Every structure is written in structure tokens, then in C-alpha cells.
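Some notes on the structure that comes next.
Sequence lines set the chain letters: A, B, ... in the order given, protein chains first and strands last, and positions in each chain run from 1. Since this is a predicted model, take the numbers as computed values, not measurements.
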2 protein chains.
Amino acid sequence: MRKFNMSYVRRVGALEDSFLGSGLPYGTARILYEIGLGAETVQDLRIRLGGLDSGYVSRMLRTLESKGYVAMDRDPSDGRRRLVALTEDGLKQWDDLERRSEERAHLLLDPLTQRQRDRLNDALATADLLVRAATIIIEQVDPRDPIAQMAMGHYFAEIGDRFGFTVGDEGFGDDPSLRAPHGAFFIAASDGAPVASGGVREFDGTGEIKRMWVDPAWRGAGLGSRLLRHLEAEALKLGHRVVRLDTRDVLSEAIGMYERAGYERIDRYNDNPHATHFFQKAMS
Amino acid sequence: MRKFNMSYVRRVGALEDSFLGSGLPYGTARILYEIGLGAETVQDLRIRLGGLDSGYVSRMLRTLESKGYVAMDRDPSDGRRRLVALTEDGLKQWDDLERRSEERAHLLLDPLTQRQRDRLNDALATADLLVRAATIIIEQVDPRDPIAQMAMGHYFAEIGDRFGFTVGDEGFGDDPSLRAPHGAFFIAASDGAPVASGGVREFDGTGEIKRMWVDPAWRGAGLGSRLLRHLEAEALKLGHRVVRLDTRDVLSEAIGMYERAGYERIDRYNDNPHATHFFQKAMS
DNA sequence: TCATGTATCTGACTTTAGTCAGGTATATCC
DNA sequence: GGATATACCTGACTAAAGTCAGATACATGA
């Protein structure tokens, strides 16, 4: 991996050079680029660029404004915020960056045969997925937090989708049992969007895992079992040595995962009408 | 591919952070690192780092010298040149960089299962090979050039190896037929080392391809057919519409490649005792 | 031996990237 | 309505990265 980095960066790292042809310094070009990609407020930009200093960003925006590439306006819904947008000239610049970058990529791929290009694409896609998966961090959030709500929204939407029923709006409102002191809720996010989530709570004197969901695009990346281990550890912290969960026969991947993780099938322990399978695991 | 760059650099690009913990600025740390990797002269360093300004490098070396990490000495074989080497302290620093970088890589891979790590490794190795292959440039050299001699050395060594005979030193001395005006010799180099070579000359009124060799580590990367196309184009330039070549039955990969490239088997056209197969291609 | 070229160095300079300490206007909570 | 927090801004600063114009010592070919 380190070998790859050295060699790759040496050859392809020149990607950044594409920013240089624009006459803009790298940092400023990155800002322009992110605006074109959809950043709408200064704050948004700062987050996308990895938490840059606000003064620094402000100054670069001033530069871009004076060159006539971006226009700024106050946000009507919050007067402290300012909206950023590309002007027509800015859009031209952005297209230019895109084109130059595209050209570079083509130049590199040119000597390869179609089959090799396909292989390279596959390899990079695989590497990308795995690196993204590896850099995902699981963190505890309040189930009322917007990001948690978003994740539960996905969860219920998918359940509704797969099982042919829908839940009302109250469905994923607040569930106090998933909050301290008797429960916890976790999400795994990639680039700010939730890709997996799940909670643990107390039920009938044991731990219970609830609302576990993994983004379909991320299944098979080991995220589910990672999250599961996390939830089990949390259940232990909450004082339970046994965790249970229910699921449904249609979710065969999930069932396989539970079995591989050491869960054993038990009899029905609740009256959830949608559940068909019930599992339990004793932790040491 | 561009998508990969953005996402990969954002996550792993922090690789460079490993240089930061050393208390040395990035550029200076890179110099230290390259010396540890084997750079021996200032010039060597400048080339490895992509043509940095000589004054800039000189200044950084002064810094490293004053910190006691590198020792410099004049080159006895050329008094203008200066040799660089790590001191004991410098070596310690270098090991530290290595260790830190290794740690980072481990930290990243930690959340992955063994299977995923293997997959990532494979994917990166494939991507690396292909990117290296894509960035190789084929260039014409005089067959007496040291790099050409090196390539022919590999070629004869391998022939000797595979066929159980050896050639004398005169074997790969100068072959005027592979030079202008009736011939040409090409090498493909990666990081300064030849990875493939081949020549074209006039023989019996047609073009003939000679001494084609691809580094065993690079076979299957399409380098052979790329070089072959190059040689054919050169033969055309030299005024031939037909190229021939001889090879030996043991070289089945090569034979397959010639056939895929449109070569047809013909009768023996020379008295090369080591050749068993003879091919020809008519170009339009 | 002289002209020319090469390898490295020094000094003076610029641009980029980034930090830190406030300041102003607006929003929000009690 | 007042305290506090937030979003953005300005000004003053630093360190890193890099450029450019010579200077110096040595090498090389005619």
C-alpha cells in the first residue's frame, strides 16, 4: 500500500497540475471546484475542504469574487450565512478544470488496451470501496439528531419497500429507549451521509439490537459485522451479557451475517408482527 | 479514475502527515527519505524529486546537515559533484519515518477483515502495474548507449538461461545494422531501468525485428505488443512494407503475441541455429 | 591552454498556505 | 430583552515552497 502511494502519486499525482493551468493557486482552485460540485454556503465549503480556517476561506472567496468567478449573497433564511454560486465566467473556469483533468486522464490511459483500461477501472473501484470502508468511523449520536433521523428514514423506507408496508411519520420520531441511560444509537457515515446505522436498548432484562441498516451500495464491505460488534460492545457496557434481535426471513444476507457472528436462533420473544426470525448471542 | 483520485487522496493522502511528526518540513523530509532510499548525489536527488531547483535542494541539504542527519563529501571521481549519505542519526530519523508510515497504513487497514485486506492489496497491485505500464515511454536510443547495452544484456542472459547456451562478450557489443540509416533500437524504461527493448533492421530487402525482450515481471501488461507496434511503424518509416522475425518454440507467450498481432508463419528465411519459428507480416 | 559546460552553492526575492486574535451582524435560548 | 452562540469577516502574522540571478570550483574537448 505504501509502495502504491509512492508510485501512484509520482505518476498520477500530477492530477493537481491540472489546477495549475488555470492560473489559480491550488487552494483557490479547489474552492472554485467544490462550489461547482454543489457547495452552497461558506460553511459547506469549509466542511468539504476538511475544516479550513474560516478567515482563509473568506479571503480566497474574496479573490474569486474579485476575478468575477463567484457571486455571493446573503442567505434569506439565516442572515449570518452567505450563499456562494459560480458566475458564468466561473462556470467556464470550472468546465476548464474538468476538461483539463479529463484530458490528463485520457493521456494516461491512452497507451493501454481496452481490456487493461477495464482492469484498471475495476481495480481502482475495488480499492476505492475498500479504502472508503476502512475510513468510515462509527459514532454514537442522539437518535433525534438529523443524521440519525436520516438513517432511520432509509431503514424504514427500505423495510416498507421490501416488505410491502409503510410506516407513518411517527414511525421514526424519537425513541427514548435508544438513548442514554438504557440505550444508544450509532451511525457510520461516509462524506457526511449515513451508510449504516443501528441501535441497542434494554428489553426484558437483556440487550436488544434494533434498527440495524446498511446502505445497499455498501453491503458486502464488512460494514454490517463491524457495526454489529460495536453494538454488542455497547450492550456489554450497558450491563447486558446477552443480546437479542429479530429479523425477517427475506433478509437472508442479514441472517447469514448474524449466524457468522455467533448468533443462535431462539423462539419468538416479542410480538413484532413483521419479524419471523429471532436470534440471541451470549457474550463473555 | 479521477473520482478515485479525489476520494483516495482525501483519505489516504494523509500519508504525508507521517512526514510531519518528524519535525521536518515536508520537502526536507522527502529529501531525507530519498537519501535513505539510495540517492547518492545531489543531482540524483533532484531527479528523483522531479527536477527541483538546485538552490532549493542545496538549502534543504544544508538544513539536514546542520541537524546532523546527513553528511556530505566531494565525489572523488568528479570534484564538482557531492556525495550525500545519512549519518547514524539520519538513519534513525529515516527508520522513524518508515515506522510512522507503516503505522498509519496499519491503522487504516485495521477495520478491514483479512480477506478485504487481501483484496485491497491485489487491487492496488493491479492498479500500480497498469499505471506504471501506462506511464512507460518507448524511446529510440543508440544501441551503444549504456541503457541499450543493459537491455541487451538482459536479453542475452535470458536467452542463455532459457536455451542453455551463452553468448560471448562480443555478443551484444555494437550492431551497426540496428542503427541509422537502416535500423533503429528502442527501449522502454520505468524509473530509469529498461523493462523492454527491441530493434528493427534491414535484412534481405525487408524489415526484420530483432532482440525483442520484455522484462519477465512486466509480461502480460501489453508492453510487448505496444513495442511491436512501435517497431512496425519504424520499419514502415525505413521503407519496408513487410517485417519478419524469428523466434523459438519455447517462447510460447511471444508466439501467441505475434499471432495476435497479425503475423503469419513462414518458412525459415535465415540460418539462425537457435530459431525454430519464422513469422512475417505485411503492413498497409 | 582556453573556451565552454556542469554541479553545486549563496543571496534576494515571491507566492502559497495557513494560523490566530479579534470584530460585526444575526440568530437563539431562557 | 439580555446573554450566548454562530457565521462570516478583517488584519497581522509565520513558515514552507519555490524562483531567479549570479558566483565558484571543477571537468572536458579542441
If I take atom [atom1] in residue [X] and atom [atom2] in nucleotide [N], what distance separates them, rounded to the nearest angstrom?
X     : N      : atom1 : atom2 : value
A:R62 : C:dG18 : CZ    : C1'   : 17 Å
B:R30 : D:dG18 : CZ    : C1'   : 12 Å
B:L24 : D:dA15 : CG    : C1'   : 14 Å
B:D53 : D:dA17 : CG    : C1'   : 11 Å
B:L61 : C:dT8  : CG    : P     : 10 Å
A:Y26 : D:dA17 : OH    : P     : 15 Å
B:L52 : D:dA17 : CG    : P     : 10 Å
A:M72 : D:dT10 : CE    : C1'   : 14 Å

> Taking the inter-plane angle between the rings of B:W94 and B:Y33 on a 0 to 90° scale, is it parallel (under 30°), tilted (30 to 60°) or perpendicular (over 60°)?
Replying inline: parallel
> Would you call the rings of A:H154 and A:W213 parallel, tilted or perpendicular if under 30° counts as parallel and over 60° as perpendicular?
Replying inline: parallel
>> Quick check: closest heavy atoms across A:L32 and A:L97, and the distance to 0.1 Å?
In response: CD2-CD1, 4.0 Å
> Going by the salt bridge (Lys or Arg N to Asp or Glu O under 4.0 Å) test, which pairs reach into residues 58-70 of chain B, not counting sequence neighbours?
Replying inline: B:R62-B:E65
> Got a sec, which pairs hit salt bridge (Lys or Arg N to Asp or Glu O under 4.0 Å) with one end in residues 82-91 of chain B, sequence neighbours left out?
Replying inline: B:D89-B:K92
>> Return the CG to CG distance between A:D215 and A:L223, rounded to the nearest 0.5 Å.
In response: 9.0 Å
Taking only N/O atoms, report every protein-nucleotides 22-24 of chain D pair under 3.5 Å with atom names and distance.
none

> Taking the side chain of B:Y56 as heavy atoms from C-beta outward, which of D:dG18, C:dT8, C:dC9 is closest to it?
Replying inline: D:dG18
> Which sits closer to the 5' end of DNA chain C, B:R46 or A:M60, going by the nucleotide each is nearest to?
Replying inline: B:R46
> A:D75 or A:G51: which one's nearest nucleotide on DNA chain C is closer to the 5' end?
Replying inline: A:G51
Each nucleotide N or O in nucleotides 3-7 of chain D that has a protein N or O under 3.5 Å away: list the pair and distance.
residue	atom	partner	partner atom	Å
D:dT6	O4'	A:R80	NH1	3.2
D:dT6	O2	A:R80	NH1	3.2
D:dA7	OP1	A:Q43	NE2	2.9
D:dA7	OP2	A:Q43	NE2	3.1

> Heavy atoms under 4.0 Å, any strand shown: does A:G55 hit a base, just sugar-phosphate, or nothing?
Replying inline: base
> Hey, is CD on A:Q140 packed in by over 12 heavy atoms from elsewhere, all under 6.0 Å?
Replying inline: yes
> Does OP1 or OP2 of D:dC26 have a side-chain N or O of B:R74 closer than 4.0 Å?
Replying inline: yes
> Mind checking what makes ring-ring contact (aromatic ring centres under 6.0 Å, His included) contact with B:Y155, not counting sequence neighbours?
Replying inline: none
> Is any side-chain N or O of A:R59 under 3.5 Å from a base N or O of C:dG18, one able to act as donor and the other as acceptor?
Replying inline: no
> What pairs with B:R74 under side chain to side chain donor-acceptor pair (under 3.5 Å), at least two apart in sequence or on another chain?
Replying inline: none
